[in-house]
Amino acid sequence: MTRTLVWFRDDLRTADHEALLQACERAENPGDVVGLYVLDEVSPGVRPLGGAARWWLHHALESLQQNLAALGIVLLLRRGDPAELLLGLAQELGAERVHWSRRYGGGERAVDAGIKAALPEHGIAVESFNASLLHEPWTVQTNTGGPYKVYTPFWRQISAREPGLPRPRPVPLGPVEAAHRRLPELSQGPGELEDWQLLPTSPDWAGGLRRNWTPTEAGGHARLKEFLATQVQDYDDARDVPADDDTSRLSPYLRFGQLSPRQVWEAAQQQSPESVGTFLSEIGWREFCWHLLFHFPQLPHTNLRPQFDAYPWRSRDDSPEEFMAWAQGRTGFPWVDAGQRQLWETGHMHNRVRMASASLLIKNLGIDWREGEAWFWDTLVDADAASNPANWQWVAGCGMDAAPYFRIFNPQRQRERFDPESRYVSTWIPELNTGEYPAPIIDLKTTREEALAHYSQISGRG
DNA sequence: AGGGATTTTGG
DNA sequence: CAAAATCCC
């Protein structure tokens, strides 16, 4: 018998999962493949999940547990330090091999490298696979051998490349009851998801999330199918109208690996190239952000353009009232407030509104992009370790291939252009015309001028 | 994937 | 004289 332990992380699916598939191909009986998820809140450099992500994770693990059970595979749940847990568990199980899908953040790579070095000393083989990206970051290089720092040439290169076809879901090994019977007695039981308390209870604020999402692997495939059948054709223009929300809404499924970018890519190839080009380039932006994180592991916390280190951003503590007005959707700018309330209620904010909301916080309120990034990390169901900070750095102007600093969104103008009938803002701000809605907390014109003055100082032209 | 001031265009 | 193009931040 060859027993393989498959360590799931941000790849919570059963289809197009090379690590799982190869484990199953080696298996002869139920129980020869064992799944594991570790809730890691202790490894340095591994960012603890935000509240909305914890909600999604709970349901994603429930979904994975069911889908693995249908393949005759038990999913074990453990909490703690994976560096300790993996070895102990592999030994208790008598597993000869451990498989996983690669991670690309700095802290995650350090954890994985440590385990990959340690297990073979105990006779346990480790093999890792790609599951989260179209192309491994080290395979996409400029002519001079470095990482791309500009999106357009990056996209030119990867869009001309075939990412490879999705891999099939494994053939079932047998009934999961048989798998349970064949496992040795473990020092801990399989683990109970409820014990992790990932779902909010007092209060239960997840009602809006439940109403807006189906956080399962099947839900991801259904959303992909629906989007490609009915929305992608008009994506180019329709994506800019937040009242309709004709964006793909696939980001949380990609975040948790319930869908792979390769599955999305392959499904989109069934459509005409001109109708999916803009959509696929957004998948390209996600890829670009992950490649950036791989090459610049400081991305989540450090300006990629160091001259911004001298920018006099304020902290959340410097201006708690203004920060909370922004966070809770009380700035007096309907476009931004609607977005923040949509975020709080649904765990999601339309992309066109995200840009303006971030711009207001960073440029008009003068608050550090890291404060807004942390808020989004806690409240978005789709926040991932690469896209979230990379896009905040994009708006702030301090990232690679970022928006020029002097692009400052005007939330009133954005509302006129993209919500002229106020369908979006009135959905999220019922008191808009009742007199209870607050006046703007800052003056757009003067704060804009202040931001530009600060910018000219750090850019060396002041 | 901007905004705003200013200049130019064209009916 | 209003809309479009251009330039600057």
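Chain naming here is simple, since letters A, B, ... match the order of the sequence lines and numbering starts at 1 in each. The analysis underlying the following values was restricted to heavy atoms, covering all of them including side chains, and did not include hydrogens, waters or symmetry mates. Keep in mind the model is a prediction, meaning the values are calculated, not measured.
At a non-hydrogen distance threshold of 4.0 Å, A/R352, A/M355 from residues 346-355 of chain A come into contact with DNA chain B.
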Identify each atom pair where a protein N or O and an N or O of nucleotides 4-6 of chain C are less than 3.5 Å apart, giving names and distance.
none

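With sequence neighbours excluded, no residue forms a ring pair (Phe, Tyr, Trp, His ring centres under 6.0 Å) with A/F296. Residues satisfying the side-chain hydrogen bond (donor to acceptor under 3.5 Å, both in side chains) test with A/E226, not counting sequence neighbours, are none. With sequence neighbours left out, A/W100 forms a ring pair (Phe, Tyr, Trp, His ring centres under 6.0 Å) with A/W7. Every side-chain contact (heavy atoms from CB on, under 4.5 Å) that A/A53 has, sequence neighbours left out, goes to A/L49, A/F256. Remark: A/F333 pairs with no residue by the ring pair (Phe, Tyr, Trp, His ring centres under 6.0 Å) rule, at least two apart or across chains. Residues passing the ring pair (Phe, Tyr, Trp, His ring centres under 6.0 Å) test with A/W213, sequence neighbours excluded: A/W56, A/H348. Take A/R169 and apply the salt bridge (Lys or Arg N to Asp or Glu O under 4.0 Å) test, not counting sequence neighbours, and it matches A/E217. Residues forming a salt bridge (Lys or Arg N to Asp or Glu O under 4.0 Å) with A/E321 (at least two apart in sequence, or on another chain): none.
For DNA chain B, the contact window with chain A, defined by any atom under 4.0 Å from a protein heavy atom, covers B/dA1 to B/dG4 in 5' to 3' order.
Ring to ring, A/Y405 and A/Y455 are close: their centroids are under 6.0 angstrom apart.
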Return a table of donor-acceptor pairs under 3.5 angstrom between the side chains of residues 204-212 of chain A and protein atoms on other chains or two or more places apart.
from	atom 1	to	atom 2	distance (Å)
A/D204	OD1	A/A206	N	3.0
A/D204	OD1	A/R210	NH1	3.4
A/D204	OD2	A/R210	NH1	3.3
A/D204	OD2	A/R210	NH2	2.8
A/R211	NH2	A/E345	OE2	2.9
A/N212	ND2	A/G208	O	2.7

